[in-house]
Amino acid sequence: MSDTKTPKEASQASEASKDEELKALQAALGAEHAAVYGYGVVGARIGDKRRAEARTAYDAHRARRDEVQRAVRDLGGEPQSADAAYSLPFPVPDSAAAARLATELEDRVAGVYSDLVRASTGDRRGTAARALREAAVRAARWRAGSVAFPGLAERSTPSSAPATPKA
């Protein structure tokens with residue numbers, strides 16, 4: 001058998017690849033919308049010492065959100081709108097909880113950019129890799145430590161968790 005594809009097969013593969021990339025872009029856009037919302041909460045609860053850091057992250061996510069919206073349009077998609085509000089993963093009554101929320105936001109953003117790296121090629125893959133790195137660095141700053149594989153949830157569990165699942 002030959003590995004050569006017919007023009008129709010090549011077109012279908014290209015279309016499937018574009019669909020996967022668009023799906024990953026929309027997921028990244030959703031994560032950026034949630035991060036912008038979440039950093040509003042972080043900014044309201046974080047102490048004065050870290051407020052500038054929260055503002056910088058908020059601005060970075062707004063800029064990245066706008067960039068992803070353009071990328072979705074470039075692929076012929078309609079960018080999803082932000083929700084009016086987002087459920088927080090836990091209550092955020094104080095500065096310590098705000099820092100945990102910022103860490104969680106960055107970890108989630110890193111995860112979707114990991115998926116976008118996998119689904120894209122060329123310049124968009126490079127941009128997604130930079131976004132993944134930026135989220136991982138922000139998460140490490142908020143948590144005051146790093147994880148071995150940022151963006152890969154199955155690899156970023158605490159070291160106290162067993163390496164293999166128990167039956």
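Only heavy atoms go into these numbers, but all of them, side chains included; no hydrogens, no water, no symmetry mates. Residues take their numbers from the sequence shown, with the count starting at 1. Everything numeric here is computed off the predicted structure, so don't read it as measured data.
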Hydrophobic cluster identity match, Val68 and Val36, side-chain contacts under 4.5 Å: no
Arg73 side chain vs Pro79 backbone, donor-acceptor pair below 3.5 Å: no
Nearest-0.5 Å distance that lies between atom CG in Leu101 and atom CG in Leu88: 6.0 Å
Salt bridge present between Arg143 and Asp107 (N-O < 4.0 angstrom): yes
Co-membership, hydrophobic cluster, residues Val117 and Val112, 4.5 Å side-chain: no
Pairs touching residues 46-74 that satisfy ring-ring contact (aromatic ring centres under 6.0 Å, His included), sequence neighbours left out: Tyr39-His61
Glu67 with Arg64: basic N within carboxylate O range, under 4.0 Å: yes
Trace of the salt bridge (Lys or Arg N to Asp or Glu O under 4.0 Å) decision for Glu21 with Lys18: CA-CA 5 Å; Glu21 188 172 7; Lys18 179 182 171 186; over 6 Å; no
Side-chain donor or acceptor of Ser114 paired with backbone N/O of Ala110 under 3.5 Å: no
Sequence neighbours excluded, every pair satisfying ring-ring contact (aromatic ring centres under 6.0 Å, His included) that has a member inside residues 91-116: none
With Asp74 via side-chain contact (heavy atoms from CB on, under 4.5 Å) - residues at least two apart: Arg124
Straight-line distance of Ser120 OG to Leu75 CG, nearest 0.5 Å: 9.5 Å
same_hphob_cluster(Val42, Val109) at 4.5 Å side-chain heavy-atom cutoff: no
Over 12 foreign heavy atoms within 6.0 Å of CZ, Arg141: no
Sequence neighbours excluded - ring-ring contact (aromatic ring centres under 6.0 Å, His included) pairs with any residue from residues 124-146: none
Donor-acceptor pair, side chain of Ser95 and main chain of Ile46, under 3.5 angstrom: no
Residues in side-chain contact (heavy atoms from CB on, under 4.5 Å) contact with Asp83, at least two apart in sequence or another chain: Tyr86
Pro91 versus Ala97, closest heavy-atom pair with distance: O-CB, 3.8 Å
Leu29 CG to Gln69 CD distance, which is reported to the nearest 0.5 Å: 5.5 Å
Polar side-chain atom of Arg45 near backbone of Val92 as donor-acceptor pair, under 3.5 Å: yes
Gln80 (side chain) donor-acceptor with Gln26 (main chain) under 3.5 angstrom: yes
Reported CG-to-CG distance for the pair Asp115 and Leu132, which is rounded to 0.5 angstrom: 10.0 Å
Side chain to side chain donor-acceptor pair (under 3.5 Å) contacts touching residues 96-105 (sequence neighbours left out): Glu104-Arg108
Heavy-atom pair with the smallest gap, counting every atom of Arg50 and Ala99: NH1-CB, 4.1 Å
